[in-house]
Amino acid sequence: MNKFLFGFLVVVTTALMGSSFTIGKIGLDYSSPLLLVALRFTIAGVIMAIVVKILKKPHPKTFGEWKWLVLIGSLQTAAVMGCIFIALRTITSGETSILTFTNPLLVVVIGTLVLQIRYRVQQWIGVLCGLFGVFITMGGHLDLKIGTVLGFLSAVAWACSTLIVKVHGYRFDTWVMTAYQMLFGGLILLVASFLLEEPFFEVNALSLVILGWLAIAASIVQFSIWFYLLQTGNPERTSAFLFLAPFFGTLTGWLLLDEPLSFALIFGGLLICLGIFLVNWRSKRELSRLPG
């Protein structure tokens, strides 16, 4: 792929990832958090499920395969996004995005403890660098506000989902897995909304634009570009660019919500970005040893 096209698509998809935190926080003025994220992913999941059906993509044929899709949706969409949107009630969109995107660091920790995966020294340096960045971002002390805890739990759920996909993802077509994990996660969140909160959605032009942006641009378009980049480029090197998402989350929060850019937030965010880069980056020599 042309490097300029690659760079443009990387910026677009990570900007959409990051902006969803700020747009979602604005949307909380018109909707309860779980209902907003439930509508976002149910709509996106239904649209993508129709598309993969029309395109005749291979679907799971056994209950066991569908079970894994439900579990992935429960973690990747329901748990991750549910925690994020509730966290946005108490902390800034920048803080939430930075906490959420520590997930590549947690993949290394959980993968080692649970799956006995062996990682390189460079990756462990990245983990330590990133975790120190989280500490700095939180102001140099452990301020365990509910939003902070939920932001971190979203990263834990995302890391667990990533490892499940790493082990069982070969069973599914990428687009089918994306469609149904969003749909199942959205439906779970819809049930949770009616059980755990007093759901409301104020229908007006702005709230519908916000919902449309979250469901179409920040979900369908963003996922489509991201998976296209993963499939046409080197997955490890492409994943290293995820550090741009919290940057865009912090930037859009500053531009649209006047959220403060403190030194701790900026410096801690840069350390987390460096940590994620070290976890994902491989040298040319290492890449030349990879099969294919």
Side-chain angles (χ1 to χ4, degrees), residues 3 6-25 80 83-84 87-88 90-110 119-145 147-156 158-159 162 218 222 226 229 234 236-283:
K3 64 180 181 180
F6 175 84
F8 172 75
L9 292 177
V10 163
V11 170
V12 170
T13 188
T14 52
L16 289 172
M17 285 184 197
S19 70
S20 65
F21 291 84
T22 302
I23 302 300
K25 191 172 183 68
V80 173
C83 287
I84 287 172
L88 287 170
T90 60
I91 60 177
T92 68
S93 58
E95 290 173 320
T96 308
S97 62
I98 287 172
L99 288 169
T100 298
F101 281 97
T102 59
N103 75 86
L105 311 175
L106 297 177
V107 166
V108 174
V109 177
I110 298 173
Y119 294 95
R120 292 163 290 138
V121 174
Q122 169 194 299
Q123 291 173 300
W124 280 108
I125 293 173
V127 169
L128 295 175
C129 183
L131 293 178
F132 183 65
V134 172
F135 183 67
I136 296 296
T137 301
M138 296 298 101
H141 59 280
L142 295 178
D143 186 8
L144 296 181
K145 294 185 290 188
T148 306
V149 174
L150 288 173
F152 184 73
L153 286 178
S154 72
V156 173
W158 194 342
T162 298
Q222 180 259 301
W226 182 248
L229 292 173
N234 181 280
E236 287 81 9
R237 296 187 70 184
T238 302
S239 296
F241 288 96
L242 271 177
F243 67 81
L244 289 172
F247 165 76
F248 283 116
T250 303
L251 181 63
T252 54
W254 173 63
L255 290 173
L256 299 179
L257 297 174
D258 292 324
E259 292 179 348
L261 292 178
S262 65
F263 174 78
L265 183 66
I266 295 172
F267 183 60
L270 289 174
L271 284 175
I272 292 170
C273 290
L274 176 61
I276 293 173
F277 178 79
L278 291 173
V279 165
N280 286 281
W281 182 76
R282 295 190 182 193
S283 67

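Position 1 is the first residue of the sequence, and the numbers go up from there.
Smallest separation of non-hydrogen atoms from Gly249 and Ser97: CA-OG, 3.9 Å. Across every non-hydrogen atom of Leu153 and Cys83, the tightest pair is CB-SG, 4.2 Å. The shortest heavy-atom contact between Gly147 and Ala87 is O-CB, 3.4 Å. When every heavy atom of Thr252 is checked against every heavy atom of Ser19, the shortest pair comes out as OG1-CA, 3.9 Å. Trp254 and Glu259 get closest at one heavy-atom pair: CD1-O, 3.4 Å. Of all heavy-atom pairs between Phe21 and Leu88, the closest is O-CD1, 3.6 Å.
For the atom pair Leu257 CG and Ile23 CD1, the distance stands at 8.0 Å (nearest 0.5 Å). Rounded to the nearest 0.5 Å, atoms CD1 (Ile84) and OG (Ser20) are 7.0 Å apart. In this structure, CZ in Phe248 is found 10.5 Å from OG1 in Thr13, a value given to the nearest 0.5 Å. Separating the CG atom in Leu255 from the OG1 atom in Thr22 is a distance of 8.5 Å, to the nearest 0.5 Å. Here the straight-line distance linking atom OG1 of Thr100 with atom CZ of Phe152 works out to 11.0 Å at 0.5 Å rounding.
Side chain of Thr14 to backbone of Ala245: no donor-acceptor contact under 3.5 angstrom is found.
Counting only heavy atoms from C-beta outward, the side chains of Ile91 and Leu150 never approach each other to under 4.5 Å.
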